[in-house]
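Numbered from 1 within each chain, the chains take letters A, B, ... in sequence-line order. Worth knowing before you read on, the calculation uses all heavy atoms, side chains too, and leaves out hydrogens, waters and symmetry mates.
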Amino acid sequence: MAEISSTLPDGPTIKGRLSQDDIIMRFGMVMIAVYLVATMVLPMWTMLSKSFSTYHFDLAGYELQVSDDDGAFDGTILTPAALNTELGVVEPDDLTAGSDSRMGLTQFFPDFSFRSPVMYRVRNTSDTGRFLVGSELKTGTDWLELDSNTFRRVQMRPVKSTGLGNFVNYFSTPALFNSIKNSLFIAVISTVITVSLAFWFAYGLNRSCMRYKGFFRLVAMAPILVPSLLPGIALVYLFGNQGMLKELLFGASIYGPIGIVIGSVFFTFPHAFIIISTALAISDARLYEAAVSLRSTPWRTFWTVTIPGARYGLISAAFVVFNLVITDFGLPKVIGGQFNVLAVDIYKQVIGQQNFEMGAVVSVVLVVPAILAFAIDRMVQSKQVALLSARSVPYQPAPNRKTDNIFLVYSIAVATFILGILVICQYAALIKFWPYDLSFSLRNYEFDRMDGGGWGSYFNSIQLAFLTAIIGTCVIFFGAYLVEKSNGFKTGRALFQMFAMLPMAIPGMVLGLAYIFFFNNPDNPLNFVYGTMAILVICTVTHFYTVSHLTAVTALKQMDREFESVAASLKQPTLKLFRRVTVPVCMPAILDISIYLFVNAMTTVSAVVFLYSPTTTLASIAVLNMDDAGDIAPAAAMGMMIFYTNAGARIIHLILTRKLLGRTQAWRAR
Amino acid sequence: MKTKAKLIASTIAGLMAATIAQADTELTVYTAVEAEDLARYAETFNAHHPDIKINWVRDSTGVVTAKLLAERDNPQADVVWGLAATSLLLLKSEGMLEAYAPAGVEMLDPKFVDKGETPTWVGMDAWVASVCYNTVEAEKAGLTPPTSWKDLTDPMYKGHVIMPNPNSSGTGFLDVSSWLQMFGEDGGWEYMDALHENIARYTHSGSKPCKLAASGEIPIGVSFAFRGAKSKADGAPLEIIVPSEGVGWDMEATAIVAGTDDLEAAQKLVDFTVTKEAMEMYNTGYAVVAMPGVAKPVEHFPEGLLEAMIANDFEFAANNRASILKEWQSRYDGKSEPKG
């Protein structure tokens, strides 16, 4: 009997079967992951390989013959390489080149004279060799006979190879690597100033009983609505040589680090403020009561209770600001003067010198601090633990006339700075011809008379903002949903999370340049999007992916996974659940994502500056180009148009959110 | 009003041209010509060749050049109409241009035609360096007007001169290459060393120095005559100075991109660009055009500009561009610490 049981066949191994839903969800996730790979990982990879593509002069790549005075050749074949070992006219370092470099041949003949009757023959030794006679390109291995007057016009062209040459070149050019120091310098200074200013501002709003808090909160957010170059333009009007307040600088020039730092403080302030304000908003009153009962001085309480409570917020704010400043391009371009920074160097190398390889090198250099700052920020945020437990008592500030007034005065000063910058720009935009004709006119709004694409670029920007907001929100929210709510497939989900976090660490300039390398390659099947509105939308969605993704994930985490189980047991497809339950419940977050994308698409400069085409010029780029051409007042006018548009979008967003909250979120209240 | 009427007229003309001939040839034309002139240029061309439609792709000189070079293996343009000759030489040395001698090329000043056996590019008009001088601000600062390039190195002008960065601006490069040609290699760099002491800063674009001079931000801007004349017409207190040693210049020129789908149409267009009518068309904005005897004086342009133009060696400029820019960068870009 016992034998029977031992001979029973093995049952089939139990394996979870993928339902149709699981397959759809995995397919969706894979699609979005492929999107991220195609729009971020591959372009970045292409750019990295571009930075290793070098050019050098190959002296052995040419052969020469020299005749006697009667023009007769004896058949001796020379190469520049052999001549150089003999004469040492060119150092090995001089042989590294850019794609555009040329090198004459006459220097290898010390007794060369362009009047002599001597004839020369020259040829490439391989089919890939290239040289110029004047500006005529010669390829192929046929001998070319030239008189000495023409021979002096022969120029060797560099050949392509792979190596670290560009990096060596970069670090041996002080003009270039000084920018690293400059960039770090202004980023650190701006970070310290912004974080201190924002901390006390947030402290006043959260921990005092001063008045008009709502107003100050609103003002503090205003800089998010304008491109980062706008404060630069305002500073020109305030502190430039014809500036209204230039005496305040005591003869120092606003063009340079001073201007960059002031402008950076302006445009990074809201970012620091939000983070620190969130950190200060939650605190446990019992800690303060304990401090009082232990007879601690307010000063000591501040250092032992308040600061430790807000430390993660402070650190996070510092790294966010650092990252924003070091990767910003618009502001140093406008007000940087001779003070070179990395982001502007990329632009100068690519647009000014057509040196794409060096642009790629500077990009790689810029990515390092940006990724470091990003990584530290993520690490700090993951350490953030809940400060509020169920037993906590929320801290309520008590009125104190003296400190409340101090904070009120301080907040007025900060608000004046922010509003002042905006008012100056609007004022400058309406003046006819600063400083000679101060009458008001709308002349600066005739954008069609200026560089930058005219009013068309403004409408292009609005189109881009809408497309980015709609498409971006759909892709990002759906992606977040799939990652958050699908079953199994652990490695795939972890990988997806990583891809979703990466865009934040990549500076806009670098992403834009990577897109040129990747999408402008005729062999790339995606080549057709180059120069269209589509590439601008793709680039902007990818550039701002991370924050939107995190917002979506946070909202989705609040929803119990039981919803999916219930839907499954009721035999309802997940996508129906998604449409009927998840989306309505998460509507506030979805609206937040779309307004975030809209506003950023209106103001972004760095990522799209390499990608716009004559039919897709943008308002933010027009601000840059008009300022570049010296039309500063129209640039200010366009910048303010962006501000009003974004402010309008925000107001509509507010109204919509209110309405939707009333309609779809009624279940939250009992 | 006038521009509006023109715009409407050109739109109607464009619409009509579009409706008359559906199966027309289309040419993609890359250009750095001022945006406001493009409609006028196309209109005049279409009066002769209504069957060829021009699709403009316009940007600044640096960007168009970068774009053309980036598309080296897969050219998108059929014709380049209105790009700096130094840029075209760069493209020529990459073998990207189709040699073609347009009908009537012998009527042009030889200075304005490529030296190749069959010319690869032909010039349209010249774009001449000049100094914009703000009389109001200069008087406030107690300056006297300079008459030569050498004058600008006078310590009196310290911090009052602004010029474009040759690494980003075609105008800036034209100044630098003209100084190197006029004063010799060593003399040129010596001159720039001295001038550097007086420069407030280097701008990215070539028109900005003049606009900054016009707005009084910096009283003296090294820029080009065309820009100065425009700002003067806008009411800026400017004087346009032609330095006595001579001035650098570059030209706007035309070329056919090798590998174009429609060589015949491209040739028709290039033929048109050297006609007398085209020259008169360029003359509206530019005081110096490629065909001798056509140009009429343009308002606010300084006198003696044509005589002051140096015998510019474009080949020198193009072939030494990379090394000149590298030298410039190591001398002035790295060392120039922010003032303040």
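- In this structure, the portions of B:Leu89 lying under 4.5 Å from any heavy atom of chain A include both its backbone and its side chain.
- At a 4.5 Å heavy-atom cutoff, A:Lys138 makes no contact with chain B through either its backbone or its side chain.
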Chi angles and distances behind the salt bridge (Lys or Arg N to Asp or Glu O under 4.0 Å) call for B:Glu217, B:Lys211: CA-CA 9 Å; B:Glu217 184 71 13; B:Lys211 290 212 177 138; over 6 Å; no
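- Only the side chain of A:Val344 comes within contact range of chain B, with at least one heavy atom under 4.5 Å from a heavy atom of that chain.
- A side-chain N or O of A:Tyr436 and one of B:Asn134 form a donor-acceptor pair less than 3.5 Å apart.
- Cation-pi geometry between A:Arg152 and A:Phe114 is satisfied (NZ or CZ under 6.0 Å from the ring centre, within 45° of the ring normal).
- Of the atoms belonging to B:Arg227, not a single heavy atom falls under 4.5 Å from chain A.
- When heavy atoms are compared at a cutoff of 4.5 Å, A:Leu249 does not approach chain B at all.
- Tested against B:Val222 for a side chain to side chain contact (heavy atoms under 4.5 Å, CB included), the candidates B:Asp175, B:Leu195, B:Ile162 yield a single pass: B:Asp175.
- Judged by distance alone, the side chains of B:Asn55 and B:Thr28 never bring a donor and an acceptor atom under 3.5 Å apart.
- When the candidates A:Gly337, A:Gly104, A:Gly134, A:Ser101 are compared by the number of heavy-atom contacts under 4.5 Å with chain B, A:Gly134 comes out ahead.
- For B:Ser207, the parts lying under 4.5 angstrom from a heavy atom of chain A are both the backbone and the side chain.
- Top candidate by heavy-atom pairs under 4.5 Å with chain A, chosen from B:Gly95, B:Cys210, B:Ala322, B:Gly216, is B:Gly216.
- Between A:Asp627 and B:Lys208, at least one side-chain nitrogen of the basic residue sits less than 4.0 Å from a carboxylate oxygen of the acidic one, meeting the salt-bridge criterion.
- With a 4.5 Å cut-off on non-hydrogen atoms, A:Tyr612 touches chain B through its side chain but not through its backbone.
- The candidate with the highest count of non-hydrogen atom pairs below 4.5 Å against chain A, out of B:Leu90, B:Asn319, B:Asn320, is B:Asn319.
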side-chain contact (heavy atoms from CB on, under 4.5 Å) between B:Glu94 and A:Leu137, worked out: CA-CA 6 Å; B:Glu94 296 291 345; A:Leu137 184 67; 5.5 Å; no
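- Ranked by non-hydrogen atom pairs under 4.5 Å with chain B, the options A:Gln349, A:Arg153, A:Arg443 are led by A:Arg153.
- Residues A:Glu357 and A:Asn166 bring no donor and acceptor atom of their side chains to less than 3.5 Å of each other.
- Counting only N and O atoms by type, the side chains of A:Asn340 and A:Lys348 include a donor and acceptor under 3.5 Å apart.
- A distance of 6.0 Å or more separates the ring centres of A:Tyr170 and A:Phe177.
- A donor atom on one side chain and an acceptor atom on the other are found under 3.5 Å apart for B:Asp114 and B:Thr120.
- No side-chain donor-acceptor contact under 3.5 Å links A:Thr173 to the backbone of A:Ala175.
- Remark: side-chain polar atoms of B:Thr118 are not paired, donor with acceptor, to backbone N or O of B:Ala99 under 3.5 angstrom.
- Contacts between residues 230-237 of chain B and chain A, defined by a heavy-atom separation under 4.5 Å, are made by B:Asp234, B:Ala236, B:Pro237.
- Contacts with chain A were tallied for B:Asn167, B:Thr65, B:Leu97, B:Leu69; B:Asn167 has the most, counting heavy-atom pairs under 4.5 Å.
- Among the candidates B:Glu137, B:Arg321, B:Lys115, the residue making the largest number of heavy-atom pairs closer than 4.5 Å to chain A is B:Glu137.
- At a 4.5 Å heavy-atom cutoff, the contact between A:Asp631 and chain B is made by backbone and side-chain atoms alike.
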